[in-house]
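One structure below.
Source: prediction; values computed, not measured. In what follows, every chain begins at residue 1, and chains take the letters A, B, ... in the order their sequences are listed.
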Amino acid sequence: MAARFNPLEADAHWQRVWEERDSFHARNDSGKPKSYILEMFPYPSGRIHVGHVRNYTMGDVLARYRRMKGFEVLHPMGWDAFGMPAENAAMEKKVHPGEWTRSNIATMRSQLKRLGLAFDWTREFATCDPEYYGHEQALFLDLFEAGLVYRKQSEVNWDPVDMTVLANEQVVDGKGWRSGAQVERRKLNQWFLKITDFAEELLDGLGSLDQWPDKVRLMQENWIGKSVGMRFRFEIGDPEPGMESFEVFTTRPDTIFGASFAALSPDHPIAQTLAEKNEEAAAFIAECKRGGTTAAELDTAEKLGFDTGLKAVHPLDPEWKLPLYIANFVLMDYGTGAVFGVPGHDQRDFEFATKYGLPIRRVVAPSLEQAGEPIGEEAENGGGVIVNSRLLDGMEVEAAKAEVIRRAESEGWGEGTTVWRLRDWGVSRQRYWGTPIPIIHCQSCGPVAVPKDQLPVVLPEDVSFDVPGNPLERHPTWKQTACPRCGGEARRETDTLDTFVDSSWYFIRFASQPADRPFDREVAQSWLPVDQYIGGVEHAILHLLYARFWTRALKRIGLLDVEEPFKGLFTQGMVTHETYRSADGRWLSPEELDRTDGKLTEAATGEPVQVGRVEKMSKSKKNTVDPDAILDQYGADAVRWFMLSDSPPERDLPWSEAGIEGSWRFVQRLWRMSVDQPGGEGEDKALARKLHHTIAAVGSNIDSLAFNKAVANIYELANSIEKAPASATRVEAVQTLLLLVAPMAPHLAEEAWRKLGKEGMIADATWPEADPALLVEDEVTIAIQINGKLRDTLTAPKGSPREALEEMALASDKVARSLEGKTPRKVIVVPDRLVNLVA
RNA sequence: GCGGACGUGGCGAAACCGGUAGACGCAGCAGACUUAAAAUCUGUUUCCAGACCCUGGAGUGCGGGUUCAAGUCCCGCCGUCCGCACCA
């Protein structure tokens, strides 16, 4: 009886061997086909959590498998190291953000290494390394010179707690995505990246991403938000100065004769001008601003309007005057900040018209004959023919749209246009711990790029965090400099870049990292796009859209010929855990529980414990599990195995003590099977079949990231091997089994491989090939049904003719009994599958 | 409100093109080994009924439909989760 597999010794041993042999170094010039496997790099917050373990284990299995399949695999790791938490730590603990970050990185790196992940650590970097952010500054300047970066005064989302600006994407329900504080509006000079220039191609590009989840593509599509329509001008009758006309945007120009009113946003310049001399208007606008922006409030918010008394002149009939309102539902930052209302065919306009007693006209009907039917309980926004619309009558919706646009353009009062929901990306942050924006503000020359030979613009080390706000702004000397153009007195930009810029190109730097430039074009292109990217769905919009944009921007300026950075995307589920509450409602961690005689009590008090829902692990609910502790107890392979078992990878994985115990037992079982293997002679055809089926199944399941199925395949094979008598086939099956588990449980696989006296490392071994001859069964089980219900099964040679199967079915005792003497009316035979007798 | 995903044993789940529902794991039950326990091994485990080594019936959220045959396709509900949110 062999000793148990000791993961603590084996893990450390093999991790050292892999490191010494540089086993996972990705070579640029090996000549093998390349495969780039990437997991989203972590923010160094302090310690690794189980979610990281799941994420990196999945990537690791794929990376190791591809290596065994003969690919040159790039599987790198680094750190998304800039960001607010480091500054918060600096404020709370009086530690420099850099020091805090570097020490977290050291901790997390050693935690990751204990998992035995096949990373090419030679390519590791942190985004806070001046070498990295210096190259980022160079790229920023390239975009600046290409006109893709600009500065403008704009109203921004200001987070009063973090004291910084947020991008639209970072405002959730009117609150800061990090701080949760109510966001305020402020006017500031900000740097923007022209992502809207790429709206069309970012949208079209989604169509080529067939290895992305539909869900993510749809989310991006909605976020980009393309609306095709027209913009046109309303003249105001009896105009006063400053309010002669206004423009509206519509996607339904065909309904132009259904208009009952026009409405301005409370923020519209005309509304603002009006408010200056009209107290009621001013009061109404103030009222609108008070309304909340949360989902619930918006849902129930009533449509409110203020009749300005002004009249808008219908562009196709100068005699037709529409009342002009200021309305709370019109948004200034979408379209033109003004709309015309067609109550018959827009639900929002319908509600507004109902409230204010405005006419509700039908201008679209299923047919011309139904032109007279009134609009019912709600607006109709379907298609049909245009009615009650003079020159448009009888046209289909699309034809009418085109006709109105054509007229407007030829008469000069409007034009066809496309409006996007996507806004330019504001990247200025009033923070210290980020990439300094490499711009110098000169009093006479304006904003000037820092010359590239002066990069990187390095963050000063001597900063204080005693007061909120930006330490760079307060630093006594850092911002003082000379203008690179005229030599005059100048000031450095003290804003830093949004950290999403850092993560928008790190995957390129992983592929190629020359010292003197951001990346080598040829080398980067040899690896990119990333073949499989794995991470959380929470990055479906922000990070993934920005990275797609950045890649396309680099292509446009000729630095890199890659359109889409991530060919395959996989969003894995979370790791969840039961929650527990004490009798008085406190959250309890699993360690605080006592489980003697089947009852769950709080160890300290003996009080009964409420078992709560299975939820995402979080510190506040005390349902987290520390990876280091379980690694100490079970070793890397059991932890990895558990991460891959049971739940499909895209779904949530409930962590359980029993589950990890089960994985531990299986790791030990594999060990015993390998080392207590009885030698034997002769062939075992059935086992050989099972073996080769498993080889094929495990391979295809790993290829499609169905790790839970691959795990099940391996269990089945292990069960078959244990039941099989000693034979040469069995010896071979055990060795092959080790190859199959090598990507998942690499330490055990190496240890057993050596114990069996096999040559070389299993990490360098080749993935076994399934013998096609053994994948074909020569006997199949045929189901015998009567009226579609299973009555019997029988075994027949594969490929038996229909007649033979029918005959066999009719010969069955059970069939005879079930038929009760009746003759089947009809017989359906599916070769190699079933016979169905219809009685 | 709009859009999307999902719903299968006590639990996590499989089930390829419509063709034997519940593979595999967890938990449970029974047994073997042991002074005993742990570990390990063997058997068993969808539900109901009975003549209980066997046989019959029901069964994939609910109600209909198509089909020789439906977890899978179609229609209508119910529920859960996710994303977006007054987008003109």
Side-chain angles (χ1 to χ4, degrees), chain A residues 1 4 172-173 213-223 225-227 229 231 248-252 255 263 265 291 293-295 297-303 327-331 333-342 346-349 351-352 419-421 537-538 540-541 614 641-642 645-648 650-654 656-663 665-666 668-669 672 697 700 706 708-719 722-723 781-793 814 817-818 824-830 832-839:
Chain A
M1 184 60 147
R4 273 186 172 192
V172 180
D173 286 345
D214 291 345
K215 177 192 167 107
V216 174
R217 287 191 300 184
L218 191 70
M219 281 166 73
Q220 292 214 353
E221 190 182 317
N222 291 338
W223 190 265
K226 182 180 187 177
S227 294
R231 192 157 51 188
V248 297
F249 172 75
T250 179
T251 54
R252 295 294 304 271
T255 62
S265 162
T293 47
T294 64
E297 282 170 306
L298 282 180
D299 217 21
T300 53
E302 216 181 337
K303 308 277 176 279
N328 64 347
F329 62 86
V330 184
L331 306 174
D333 55 5
Y334 189 80
T336 60
V339 299
F340 76 104
V342 182
D346 179 288
Q347 184 58 23
R348 200 188 35 208
D349 296 345
E351 286 168 32
F352 190 82
V419 162
W420 304 86
R421 209 189 83 112
V537 74
E538 66 273 18
I541 297 173
V614 174
W641 189 260
F642 179 61
S645 304
D646 292 352
S647 285
E650 68 278 9
R651 253 185 255 177
D652 289 352
L653 170 70
S656 75
E657 202 63 31
I660 181 72
E661 294 272 355
S663 296
R665 283 200 300 269
F666 185 65
Q668 294 298 339
R669 190 173 150 211
R672 286 194 304 273
S700 83
N708 58 322
K709 295 186 209 168
V711 162
N713 299 145
I714 287 169
Y715 273 116
E716 280 195 58
L717 177 60
N719 291 344
E722 284 187 329
K723 287 194 174 73
T781 308
I782 306 291
I784 309 302
Q785 299 178 332
I786 292 172
N787 294 334
K789 283 193 195 295
L790 183 70
R791 290 300 162 193
D792 198 5
T793 57
K814 291 178 184 170
R817 217 178 317 144
S818 296
R825 282 188 287 119
K826 192 173 173 187
V827 180
I828 285 127
V829 180
V830 183
D832 296 335
R833 284 235 148 215
L834 60 76
V835 177
N836 188 12
L837 307 170
V838 185

**Asked** Side chain of A/Glu716: nearest nucleotide among B/rA14, B/rU20, B/rC24?
**Response** B/rC24

**Prompt:** Syn or anti for B/rC52, taking syn as within 90° of 0?
**Reply:** syn

**Asked** Is A/Asn222 touching bases, backbone alone, or none of the nucleic acid, heavy atoms closer than 4.0 Å?
**Response** nothing

**Request:** Please state how far atom CG in A/Leu834 lies from atom C1' in B/rC68, giving the value in whole angstrom units.
**Result:** 10 Å

**Request:** Return the minimal non-hydrogen interatomic distance between A/Ser645 and A/Leu653, and the atom names on each side.
**Result:** O-CD1, 3.9 Å

**Asked** Counting any heavy atom closer than 4.0 Å, what does A/Val838 reach on the DNA or RNA strands: base, sugar-phosphate only, or nothing?
**Response** sugar-phosphate

**Message:** Would B/rC17 be called syn or anti here, given the cut-off of 90° from 0?
**Reply:** syn

**Prompt:** So, is A/Arg348 close to the B/rC87 phosphate, meaning a side-chain N or O under 4.0 Å from OP1 or OP2?
**Reply:** yes

**Message:** Under 4.0 Å, heavy atoms only, any strand: does A/Thr781 hit a base, just the sugar-phosphate, or nothing?
**Reply:** base

**Fill in**
Relative to its sugar, using the 90° cut-off around 0, the base of B/rC16 is anti

**Message:** Just to be sure I understand the rule, does A/Leu331 reach a base, reach only the sugar-phosphate, or reach nothing, if contact means heavy atoms closer than 4.0 Å?
**Reply:** base

**Request:** In plain terms, say whether A/Glu722 and A/Arg669 are close enough for a salt bridge, that is, a side-chain N and a carboxylate O under 4.0 Å apart.
**Result:** yes

**Request:** Select from A/Gly788 and A/Ser663 the residue whose nearest nucleotide in RNA chain B is closer to the 5' end of that strand.
**Result:** A/Ser663

**Item:** Distance, rounded to the nearest Å, where A/Arg217 contributes CZ and B/rG3 contributes P
**Value:** 19 Å

**Message:** In whole Å, measure the gap between the P atoms of B/rC6 and B/rU72 for me.
**Reply:** 13 Å

**Prompt:** Which value, in whole Å, describes the distance between the P atoms of nucleotides B/rC2 and B/rA70?
**Reply:** 34 Å

**Item:** Nucleotide paired to B/rA23 in any strand shown, Watson-Crick or G-U, under 3.5 Å
**Value:** none

**Item:** Donor/acceptor link under 3.5 angstrom from A/Lys303 side chain onto base of B/rC86
**Value:** yes

**Prompt:** If we call it a pair only when both distances are under 3.5 Å in a Watson-Crick or G-U wobble match, what pairs with B/rC17?
**Reply:** none

**Prompt:** Expressed as a whole number of Å, how far does the P atom of B/rC77 sit from that of B/rA88?
**Reply:** 26 Å

**Prompt:** Considering only side-chain heavy atoms of A/Asn328, which listed nucleotide, B/rU55, B/rC41, B/rC86, is closest?
**Reply:** B/rC86

**Asked** Are OP1 or OP2 of B/rC68 and a side-chain N or O of A/Lys789 less than 4.0 angstrom apart?
**Response** no

**Message:** Between B/rA13 and B/rG76, how many Å separate the two C1' atoms, rounded to a whole number?
**Reply:** 29 Å

**Message:** Applying the Watson-Crick and G-U wobble criteria at under 3.5 Å, what pairs with B/rG9? Answer none if nothing qualifies.
**Reply:** none

**Fill in**
note: A/Lys215, atom NZ; B/rC84, atom P; distance rounded to Å ~ 10 Å

**Message:** If you only use heavy atoms from C-beta on, which nucleotide in B/rA85, B/rC24, B/rG12 is closest to the side chain of A/Pro654?
**Reply:** B/rG12

**Prompt:** For B/rC6, does either OP1 or OP2 sit under 4.0 Å from a side-chain N or O belonging to A/Arg651?
**Reply:** no

**Prompt:** Just checking A/Arg825: base, sugar-phosphate only, or nothing, at a heavy-atom cut-off of under 4.0 Å?
**Reply:** nothing

**Asked** What nucleotide among B/rC86, B/rU20, B/rC26 has an atom nearest to a side-chain atom of A/Phe329?
**Response** B/rC86

**Message:** When you compare the side chain of A/Arg252 with that of A/Thr255, does any pair of heavy atoms fall below 4.5 Å?
**Reply:** yes

**A/Phe642 versus A/Pro654, closest heavy-atom pair with distance** = CZ-O, 3.8 Å

**Request:** Please state how far atom CG in A/Asn713 lies from atom C1' in B/rA15, giving the value in whole angstrom units.
**Result:** 13 Å

**Complementary nucleotide of B/rU66, counting Watson-Crick and G-U pairs under 3.5 Å** = none

**Request:** Rounded to the nearest angstrom, tell me the gap between atom CG in A/Leu790 and atom P in B/rA70.
**Result:** 13 Å

**Request:** Identify the nucleotide, in any strand shown, that forms a Watson-Crick or G-U wobble pair with B/rC29, with both distances under 3.5 Å; if there is none, say none.
**Result:** B/rG43

**Request:** Find the distance A/Asn708:CG to B/rA23:P and express it as a whole number of Å.
**Result:** 15 Å

**Message:** Applying a 4.0 Å non-hydrogen cut-off, can you work out what A/Asn719 is touching in the nucleic acid: base, sugar-phosphate, or nothing?
**Reply:** sugar-phosphate

**Message:** With a 4.5 Å cut-off on side-chain heavy atoms, are A/Val827 and A/Val835 touching?
**Reply:** yes

**OP1 or OP2 of B/rU20 under 4.0 Å from side-chain N/O of A/Asn836** = no

**Asked** Hey, does A/Ser647 reach any base, or is it just sugar-phosphate, or nothing, if we go heavy atoms under 4.0 Å?
**Response** sugar-phosphate

**Message:** As a test of reading the structure: which of B/rG19, B/rA88, B/rC84 is closest to the side chain of A/Arg421, going by heavy atoms?
**Reply:** B/rC84

**Request:** Give one of base, sugar-phosphate or nothing for A/Tyr334, where a contact means two heavy atoms less than 4.0 Å apart.
**Result:** base

**Prompt:** Once you round to the nearest 0.5 Å, how far does CG of A/Asp646 lie from CZ of A/Arg651?
**Reply:** 11.5 Å

**Prompt:** For atom P, what is the distance between B/rC26 and B/rG43, given to the nearest Å?
**Reply:** 15 Å

**Asked** Under 4.0 angstrom, heavy atoms only, what part of the nucleic acid is A/Val330 near: base, sugar-phosphate, or nothing?
**Response** base

**Asked** What is the base-pairing partner of B/rG3, counting Watson-Crick and G-U wobble geometry with both distances under 3.5 Å?
**Response** B/rC82

**Request:** Please tell me if the side chains of A/Ile714 and A/Phe666 come closer than 4.5 Å, counting only heavy atoms from C-beta onward.
**Result:** yes

**Asked** Given side chains that start at C-beta, do those of A/Ser265 and A/Tyr334 come closer than 4.5 Å, heavy atoms only?
**Response** no

**Message:** Testing the basics here: between A/Val838 and A/Ile828, what is the closest heavy-atom pair and its distance to 0.1 Å?
**Reply:** CG2-CD1, 4.2 Å

**Request:** Figure out the OH/C1' separation between A/Tyr715 and B/rG12, and round it to whole Å.
**Result:** 12 Å

**Item:** Integer-rounded Å distance: B/rA85 C1' and A/Ile541 CD1
**Value:** 12 Å

**Prompt:** Considering only the P atoms, how many Å lie between B/rC73 and B/rG19, rounded to the nearest integer?
**Reply:** 11 Å

**Message:** Return the pairing partner of B/rG56 with a 3.5 Å limit on both distances, Watson-Crick or G-U wobble; otherwise return none.
**Reply:** B/rC48

**Asked** Looking at B/rC84, B/rU20, B/rU40, which one has an atom nearest to any side-chain atom of A/Arg833?
**Response** B/rU20

**Asked** Does B/rC26 have OP1 or OP2 sitting under 4.0 Å from an N or O in the side chain of A/Ser656?
**Response** no

**Message:** Counting only Watson-Crick pairs (N1-N3 plus N6-O4 or O6-N4) and G-U wobbles (N1-O2, O6-N3), all under 3.5 Å, who is the partner of B/rA37?
**Reply:** none

**Prompt:** For the side chain of A/Gln785, counting heavy atoms from C-beta on, which of B/rA85, B/rU20, B/rC41 is nearest?
**Reply:** B/rU20

**Prompt:** Would you say B/rC26 has OP1 or OP2 under 4.0 Å from some side-chain N or O of A/Arg665?
**Reply:** yes

**Request:** With RNA chain B as reference, determine whether A/Glu661 or A/Asp652 sits nearer its 5' end, using the nearest nucleotide of each.
**Result:** A/Asp652

**Asked** Rounding to the closest angstrom, what is the interatomic distance between B/rC54 and B/rG61 at atom P?
**Response** 31 Å

**Prompt:** What's the base orientation of B/rG57: syn (chi within 90° of 0) or anti?
**Reply:** anti

**Request:** Please report the closest heavy-atom contact between A/Phe249 and A/Thr336, naming both atoms and the distance.
**Result:** N-OG1, 3.5 Å

**Request:** Choose from B/rG19, B/rG43, B/rA27 the nucleotide whose nearest atom is closest to any side-chain atom of A/Lys723.
**Result:** B/rG43

